[in-house]
There are 2 protein chains.
Amino acid sequence: MTETDRRVAVFETQLKGAGLRMTQQRRLILRVLAEADDHPDAKGIFTRAFAHDPTLSLSTVYRTMKVLESQGAIERHAFEDGISRYEHAHQEHHDHLIDIDSGEVIEFSSDAIEELQRRIAAELGYELVRHRLELYGRKKQPARKGSRK
Amino acid sequence: MTETDRRVAVFETQLKGAGLRMTQQRRLILRVLAEADDHPDAKGIFTRAFAHDPTLSLSTVYRTMKVLESQGAIERHAFEDGISRYEHAHQEHHDHLIDIDSGEVIEFSSDAIEELQRRIAAELGYELVRHRLELYGRKKQPARKGSRK
DNA sequence: TTCAGTATCGAGAAGCATTCGCATTAATAT
DNA sequence: ATATTAATGCGAATGCTTCTCGATACTGAA
């Protein structure tokens, strides 16, 4: 709760600095995102927020996501299906592993991969600005006696 | 020309085997793709093919891309903008580096990265099925005397 | 507190890439 | 040749996202 409040307060300050306003809707959406531990899409965010404020509109969710993103408060990702999914911004960069069967999104980071990417870009004559890495996998059965294959 | 004809012939055999038909439209679209050295989207493919057959419809392009993809004749990629782009299938797996300024797509492959990804997935308890890696970069100025920064 | 100015909102229309439905056409096997 | 039916063309429909616009409600100043 306190952590969420802190996020809201920080964001409000950022908004004011940009000549923007803190509204009930933005507060609510920010709260929903701060308390989400998954990567919901616009509709998912809308559904959760709508439960707290039935006057909220989907348009506002989309608009708010843009504002939040431009302020660096959240990150937007588009995986295979092309639908935008959101998560509150971490300080540490990370990539995603998506469970093919369940759709679950697991986060990970690897300095080795980051470095390798930078090197590959450099070899091609490019300066790496950003990247997108998604692994799609299937949960392994824990190895156990008698497990076949 | 010969290489393109060979591709068309191979694909026709695959189609027959699946109880499907080789049509003028499929031949044309396959030809356009075989001779493309970039990663066009559906509209781009349609435009090029339309020049040879003004009766072609965009629906057919989309339908054909699905067939081609299911037969493994082409690969589909969706970069940042969410639009599907296509290329004829290579035998070797590769990833893409996208030039931020020009939009140009450069292909590359790295066994080291492939291996690293497999290892990361394994550490998270997953078997890697496939992945998506896109690097976004900016062309470096060739280092020269007097270059600042 | 009240008020003016304007950023934001809700609701629905509009955009865009992609897919569908269906009557018509054409590829294939006999 | 001819029947079978996959494939086509065209327009309508879909689904996510953005835009339009009149109404609403933040915010700073009085």
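This is a predicted model, so every value here is computed, not measured. Note on naming: letters A, B, ... go to the chains in the order of the sequence lines (proteins, then strands), and numbering restarts at 1 for each one. Just so you know, these numbers use all the heavy atoms, side chains as well, and skip hydrogens, waters and symmetry mates.
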Pairwise N/O distances under 3.5 Å, protein to nucleotides 28-30 of chain D:
none

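- Sorted by residue number, the members of residues 38-52 of chain B with any non-hydrogen atom under 4.0 Å from DNA chain C read B:K43.
- Nearest-nucleotide positions on DNA chain D place B:G19 closer to the 5' end than the other of B:G19 and B:D53.
- Just one of A:E69, A:H93, A:E87 meets the side-chain contact (heavy atoms from CB on, under 4.5 Å) condition when paired with A:E75; it is A:E87.
- Contact check, A:Q25 against D:dC26: no side-chain N or O comes under 4.0 Å of OP1 or OP2.
- For A:K140, the NZ atom is densely surrounded, since the number of other residues' heavy atoms within 6.0 Å is greater than 12.
- Hydrophobic clustering (ILVMFWY, side-chain heavy atoms < 4.5 Å, transitive): A:V129 and B:F108 are in distinct clusters.
- Under the 4.5 Å side-chain heavy-atom criterion for Ile, Leu, Val, Met, Phe, Trp and Tyr, A:L124 and B:Y136 are members of distinct hydrophobic clusters.
- Side-chain contact check for A:H77 and A:E134: no donor-acceptor pair (N or O, by modelled atom type) lies under 3.5 Å.
- Side-chain contacts under 4.5 Å among hydrophobic residues (ILVMFWY), followed directly or transitively, place B:F11 together with B:V8, B:L15, B:L20, B:M22, B:L28, B:I29, B:L30, B:V32, B:L33, B:I45, B:F46, B:F50, B:L56, B:L58, B:V61, B:Y62, B:M65, B:V67, B:L68, B:I74, B:Y86.
- A side-chain donor-acceptor contact under 3.5 Å links A:E107 and A:H39.
- Stems are defined here as 3 or more consecutive Watson-Crick or G-U wobble pairs with pairing distances under 3.5 Å; those involving DNA chain C are C:1-30 with D:1-30.
- Counted within 6.0 Å of CG on B:D111, heavy atoms from surrounding residues, nucleotides or ligands total 12 or fewer; the atom is thus considered open.
- No chain of hydrophobic side-chain contacts below 4.5 Å, direct or via other Ile, Leu, Val, Met, Phe, Trp or Tyr residues, connects B:I106 to B:F79.
- Within 6.0 Å of atom CZ in B:R76, 12 or fewer heavy atoms from other residues, nucleotides or ligands are found, so the atom counts as exposed in its surroundings.
- Remark on DNA chain C: of its neighbouring residues B:R85 and B:R27, the 5'-side contact belongs to B:R85, judged by nearest-heavy-atom nucleotide.
- For A:R7 (side chain) and A:A73 (main-chain N/O), no donor-acceptor pair under 3.5 Å exists by modelled atom type.
- Inter-residue side-chain proximity for A:E35 and A:R48 is flagged as unmet; no heavy-atom pair is nearer than 4.5 Å.
- Straight-line distance from the CD atom of B:Q24 to the C1' atom of D:dA6: 15 Å, rounded to whole Å.
- Non-hydrogen atoms lying under 4.0 Å from DNA chain C are contributed by B:S59, B:Y62, B:R63, B:K66, all within residues 58-78 of chain B.
- Close approach of DNA chain C to chain A, defined as any atom under 4.0 Å from a non-hydrogen atom of the protein, starts and stops at C:dG5 to C:dG12.
- B:L128 and B:L133 fall within the same hydrophobic cluster, where Ile, Leu, Val, Met, Phe, Trp and Tyr residues are linked whenever their side-chain heavy atoms come under 4.5 Å apart, directly or through other members.
- The environment of CD in A:E80 is crowded: more than 12 heavy-atom neighbours from other residues, nucleotides or ligands sit within 6.0 Å.
- Tracing side-chain contacts under 4.5 Å through hydrophobic residues (I, L, V, M, F, W, Y), one never reaches B:I98 starting from B:I113; they form parts of separate clusters.
- One interatomic measurement links the two molecules: CG of B:L30 to P of D:dA7, which rounds to 15 Å at whole-angstrom precision.
- The aromatic rings of B:H94 and B:H90 sit tilted relative to each other, their planes meeting at an angle between 30° and 60°.
- Summarising the geometry, the separation between CG on A:D81 and P on D:dC16 is reported as 9 Å, rounded to the nearest angstrom.
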